[in-house]
Amino acid sequence: MKVAIIAANGGMFDAYKVFNIATAAAATDAEVGIFFTFEGLNLIHNEAHKNLALPAGKEHFQEGFKKANVPPVDELVSMAGEMGVKMIACQMTMDVMSLEKEQFVEGIDVGGAVTFLTFAQDADVTLTF
C-alpha cells in the first residue's frame, strides 16, 4: 500500500492526525509520504513541533493524551522518521516564509508540488489535514 498525506495545517490536533495515520500506515509496511506546506511546516519545524498549542477550550485533551499513553508530538515525529516515512517540506512555502532546511527536523526532503505529485500519483490512499 502507498499513502500520500498533505499537511497544510499546523496545530496540535493536526499533528496527531497526520502522524497517527502516517505511523499506523508505516507499521503495516505501507510506503508513506507527507507533504508539509504553509502552517503544516510547524509540524516538522525544530522548535514549533515541540510547542504546538491545543485549540482554545480543548486543554482537557492534554490529560486525555497522557491517560491514553499517546506519545507527545515530538516523539511521533521521531517515530515517523525512524519508520521510513518520507517527509517533504514545501520549497515554495519555505521561500515565502524565509525558512531554511536546517530549521527542520533531520531527515526531511525539500521539494515542490511536483515532488509530492510524483510520489502521490499511484497512491492507494491520499489524505489532507
Let me check something: any side-chain donor-acceptor pairs from residues 111-124 under 3.5 Å, sequence neighbours excluded? List them with distances.
residue	atom	partner	partner atom	Å
Thr115	OG1	Gly112	N	3.4
Thr118	OG1	Val114	O	2.8
Asp122	OD1	Lys2	NZ	2.7
Asp124	OD2	Lys2	N	2.8

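Of all heavy-atom pairs between Ala89 and Leu41, the closest is CB-CD2, 3.7 Å. The two residues Val77 and Leu43 have their closest heavy-atom pair at CG2-O, 3.5 Å. For Ala15 against Leu52, the heavy-atom pair with the smallest separation is CB-CD1, 3.7 Å. Val73 and Met12 make their closest contact through CG2-CG, 4.3 Å (heavy atoms, listed as atom of the first residue, atom of the second, distance). Residues Val32 and Ala26 share a closest heavy-atom pair of CG2-N, 3.7 Å. Contact detail for Ile34 and Ala7: the closest heavy-atom pair is CG2-CB, 4.0 Å.
Counting only residues at least two apart or on different chains, no salt bridge (Lys or Arg N to Asp or Glu O under 4.0 Å) pair has a member in residues 19-28. For residues 51-101, the pairs satisfying ring pair (Phe, Tyr, Trp, His ring centres under 6.0 Å) are Phe13-Phe61, Tyr16-Phe65, with sequence neighbours left out. Residue pairs meeting the salt bridge (Lys or Arg N to Asp or Glu O under 4.0 Å) criterion with at least one member in residues 56-71, sequence neighbours excluded, do not occur. Counting only residues at least two apart or on different chains, no salt bridge (Lys or Arg N to Asp or Glu O under 4.0 Å) pair has a member in residues 23-38. Among residues at least two apart or in separate chains, salt bridge (Lys or Arg N to Asp or Glu O under 4.0 Å) pairs with a member in residues 92-111 are Lys86-Asp109.
A single hydrophobic cluster is not seen to contain both Ile108 and Ile6; linkage of ILVMFWY side chains at heavy-atom distances under 4.5 Å, directly or through other members, places them apart. Leu76 and Ile44 fall within the same hydrophobic cluster, defined by Ile, Leu, Val, Met, Phe, Trp and Tyr side-chain heavy atoms under 4.5 Å apart, directly or through other members. Val110 and Leu99 fall within a single hydrophobic cluster, where Ile, Leu, Val, Met, Phe, Trp and Tyr side chains are chained together by heavy-atom contacts under 4.5 Å.
Checked against ring-ring contact (aromatic ring centres under 6.0 Å, His included), His49 has no partners two or more places apart in sequence or in another chain. Remark: Lys50 pairs with Glu47, Asp74 by the side chain to side chain contact (heavy atoms under 4.5 Å, CB included) rule, at least two apart or across chains. Under the side chain to side chain donor-acceptor pair (under 3.5 Å) criterion, Thr93 pairs with Thr37, sequence neighbours left out. Evaluation of the side chain to side chain contact (heavy atoms under 4.5 Å, CB included) rule for Glu75 yields Pro71, Pro72 as partners, not counting sequence neighbours. Taking Asp14 as the reference, Asn9, Lys17 meet the side chain to side chain contact (heavy atoms under 4.5 Å, CB included) condition, with sequence neighbours excluded.
Side chains of Met94 and Gln103 form no contact here, defined as non-hydrogen atoms less than 4.5 Å apart. The shortest side-chain heavy-atom distance between Met87 and Phe104 does not fall under the 4.5 Å cut-off. Between Asn46 and Val105 the shortest side-chain heavy-atom distance falls below 4.5 Å.
A distance of 10.0 Å separates CG of Asn42 from CG of Asn51, quoted to the nearest 0.5 Å.
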